[in-house]
Amino acid sequence: SSSVTDVETLSQTNFLEPNSSEIQSTENRKELAHQKSNLGMFKLSSMYKPSTDFQLDYDILTKLSDQHEEAPLIRETIVNSTSATETINTTKNQEPISVNQNLSLFYTMSEKNIFAVEMQHLYQEEDPFYNANLKTQPFKLAGYIPGQNRNDITQNRFVKTSKLDAKIDYYYLLTPKSNFNITLGNTYSNQIFNSNIYQILDNQSVNELDNPLNVNDVSYQFNDAFLGLHYKVLTGKFTFTPGVSLHGYNMTNTQLGTDYSQNFSRVLPDLLAIYQIKKSETLTYNFSYTNSFTDISQMAEGFVLSNYNSLRKGNRTLENATARQHSLRYFKYN
């Protein structure tokens, strides 16, 4: 697929005096973005089922894309009834690729013993390129040469991700209306993040802003080994599935010549309850206790350009976020 999109954006921002509601300055922006995008996708699926007791599924999905954006912007700044206008030119390019593979195996050993194996591998590369050309100096970066007619600043980034998820489920049917489930699994992720910023001077020479504050060379490994236990029972119009999982986490990020690691374990309970009021009417309650983690871009401690007036950096000591979630859903089909 291919697409061409033109976007016009008008915005106004008021900046207030410190500790006051008085307007210090106003910024009006008009941005005209021209975007081109090409996407190629290939998927192969296969299934092997020699008997009713065994089934093997495999599929692979590959995505290739080419994205380009030119976005000239006119910025008007008003301070004490005095206005100043400048034109800012920005360019974005990236050609990301991803390959996702899935493997599923189902085996019924006997009437009461069932096995399921699921594996997924993701390989992904991202290479966003950003350039901003403007009159005013946007940041006071280490090594930056001021006093140029135009401030031409560029950033290259590269992120590579390889992630493998695998789990084995064993189901034992206690009765026709109840079963016991044991899950053993592991998630492993390896990421690499590189970025650098450089300045193009008026004479077209390149000023490499190679201060460690402006450069990222980070690797991040994440591993989650887990064991889950669940019990499912049908009684009348109710289905209950209480469970618990034990997770052992290991995380290491390497940057600035040092390693930083975190190792800990968590017990995460969950519950699913379904009330089958009628054939087409249900009431479902779901409770879960989950851990979520950030990715490598939020851990990189060198500066990263978000856009021409936004600069950010990460924190390598970021911890996980723990959430308790309750949901109640009523469904009726008529």
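Smallest separation of non-hydrogen atoms from Phe226 and Asn186: CE2-N, 3.7 Å. Taking both residues in full, the closest heavy atoms of Arg312 and Ser297 are given as NH1-O, 3.4 Å, listed atom of the first, atom of the second, then distance. Here the closest non-hydrogen pair linking Asn179 and Leu173 is CB-CA, 4.0 Å. The nearest pair of heavy atoms linking Val79 to Ser25 is CG2-CB, 3.6 Å. In plain terms, the two heavy atoms of Pro146 and Gln137 that are nearest each other are CB-OE1, 3.3 Å. Shortest non-hydrogen contact noted between Pro96 and Asp127 is N-OD1, 3.9 Å.
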TODO: Would you please test Leu10 and Asn28 for side-chain contact (heavy atoms from CB on, under 4.5 Å) and show each step?
DONE: CA-CA 8 Å; Leu10 303 175; Asn28 297 312; over 6 Å; no
- [ ] Report the C-alpha distance between Ser51 and Asp53 in whole Å, list the side-chain angles of each, state the deciding distance to 0.1 Å, and finish with yes or no for side-chain hydrogen bond (donor to acceptor under 3.5 Å, both in side chains).
- [x] CA-CA 5 Å; Ser51 68; Asp53 296 332; 4.8 Å; no
- [ ] Apply the test side-chain contact (heavy atoms from CB on, under 4.5 Å) to residues Ser245 and Arg266: give CA-CA distance (whole Å), side-chain angles for both, the deciding distance (0.1 Å), then the verdict.
- [x] CA-CA 8 Å; Ser245 58; Arg266 288 286 187 275; over 6 Å; no
Task: Test log, rule side-chain contact (heavy atoms from CB on, under 4.5 Å), inputs Asn291 and Asp224 - done: CA-CA 11 Å; Asn291 267 352; Asp224 171 19; over 6 Å; no
- [ ] Test Lys167 against Asp165 for salt bridge (Lys or Arg N to Asp or Glu O under 4.0 Å), laying out the working first.
- [x] CA-CA 7 Å; Lys167 71 171 184 173; Asp165 293 285; over 6 Å; no
Open item on the list: Show, in sequence, the C-alpha distance, side-chain angles and deciding distance for Leu283 and Tyr285, and conclude whether the side-chain contact (heavy atoms from CB on, under 4.5 Å) test is met.
Closed with: CA-CA 7 Å; Leu283 185 65; Tyr285 168 71; over 6 Å; no
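Side-chain contact of Tyr123 with Gln101: a donor-acceptor pair under 3.5 Å is absent, judged by distance alone. With 3.5 Å as the limit, one finds a donor-acceptor pair spanning the side chains of Thr161 and Gln191. Side-chain contact check for Thr82 and Asn80: no donor-acceptor pair (N or O, by modelled atom type) lies under 3.5 Å. Looking only at atom types and distance, the side chain of Asn214 has no donor-acceptor partner in the side chain of Tyr144 under 3.5 Å away. For the residue pair Ser310/Asn307, the side-chain donor-acceptor check at 3.5 Å is not satisfied. Using modelled atom types, one finds a donor on one side chain and an acceptor on the other under 3.5 Å when comparing Asn216 with Ser195. A donor-acceptor contact closer than 3.5 angstrom links the side chains of Gln55 and Asp57. Using modelled atom types and a 3.5 Å distance limit, the side chains of Thr87 and Asn89 yield no donor-acceptor pair. Side-chain atoms of Thr26 and Asn14 form a donor-acceptor pair, as typed in the model, at a separation below 3.5 Å. Looking only at atom types and distance, the side chain of Asp210 has no donor-acceptor partner in the side chain of Asn196 under 3.5 Å away. Under 3.5 Å, the side chains of Asn133 and Tyr308 contain no donor-acceptor pair of N or O atoms.
Of the candidates Thr154, Thr91, Asn156, Asn131 forms a side-chain hydrogen bond (donor to acceptor under 3.5 Å, both in side chains) with just one, namely Thr154.
Within 6.0 Å of CG on Asp6 lie more than 12 heavy atoms contributed by other residues, nucleotides or ligands. Around atom CG of Asn203, more than 12 heavy atoms belonging to other residues, nucleotides or ligands sit under 6.0 Å away. Within a 6.0 Å sphere centred on CD of Glu17, other residues, nucleotides and ligands contribute more than 12 heavy atoms. In this structure, Met41 places its CE atom where only 12 or fewer heavy-atom neighbours from other residues, nucleotides or ligands lie under 6.0 Å away. Around the OH atom of Tyr330, the shell of radius 6.0 Å holds more than 12 heavy atoms that belong to other residues, nucleotides or ligands. By the 6.0 Å contact criterion, CD on Glu111 is open, its count of non-hydrogen atoms from other residues, nucleotides or ligands being 12 or less.
The pair Lys313-Glu301 does not count as a salt bridge, with every side-chain nitrogen at least 4.0 angstrom from each carboxylate oxygen.
Grouping the Ile, Leu, Val, Met, Phe, Trp and Tyr side chains by contacts below 4.5 angstrom, directly or via other members, places Leu311 with Leu73. Under the 4.5 Å side-chain heavy-atom criterion for ILVMFWY residues, a single connected hydrophobic cluster contains both Tyr275 and Val233. Cluster annotation: Tyr130 is not connected to Phe158 through the hydrophobic network of ILVMFWY side chains, with a link wherever side-chain heavy atoms come within less than 4.5 Å. Under the 4.5 Å side-chain contact rule for hydrophobic residues, Ile60 and Met47 do not share a cluster. A chain of hydrophobic side-chain contacts below 4.5 Å, direct or via other Ile, Leu, Val, Met, Phe, Trp or Tyr residues, connects Phe54 to Tyr58.
For the pair Ile197/Phe139, no side-chain contact is recorded, criterion being any heavy-atom separation below 4.5 Å from C-beta on. A 4.5 Å side-chain heavy-atom check between Ser189 and Tyr220 finds every atom pair outside the cut-off. Between Gln221 and Tyr188 there is a side-chain heavy-atom pair separated by less than 4.5 Å. Counting heavy atoms from C-beta on, the side chains of Gln325 and Thr290 never come closer than 4.5 Å. In this structure the side chain of Lys232 reaches within 4.5 angstrom of the side chain of Thr239, judged on heavy atoms. For the pair His68 and His34, the minimum side-chain heavy-atom distance is 4.5 Å or more. Contact annotation: the side chain of Leu105 approaches that of Tyr107 to within less than 4.5 Å [non-hydrogen atoms, C-beta and beyond]. Looking only at side-chain heavy atoms (C-beta outward), Asn253 and Ile296 stay at 4.5 Å or farther from each other.
For Phe293 and Tyr249, the ring centers sit closer than 6.0 Å to each other. Tyr231 has its ring centre no less than 6.0 Å from the ring centre of Phe180.
Using modelled atom types, one side-chain atom of Asn207 and one backbone atom of Gly143 make a donor-acceptor pair closer than 3.5 Å. Proximity of a side-chain donor or acceptor of Ser162 to a complementary backbone N or O of Asn190 within less than 3.5 Å is not detected. The backbone N or O of Met251 lies less than 3.5 Å from no partner atom in the side chain of Gln262, so there is not a single donor-acceptor pair.
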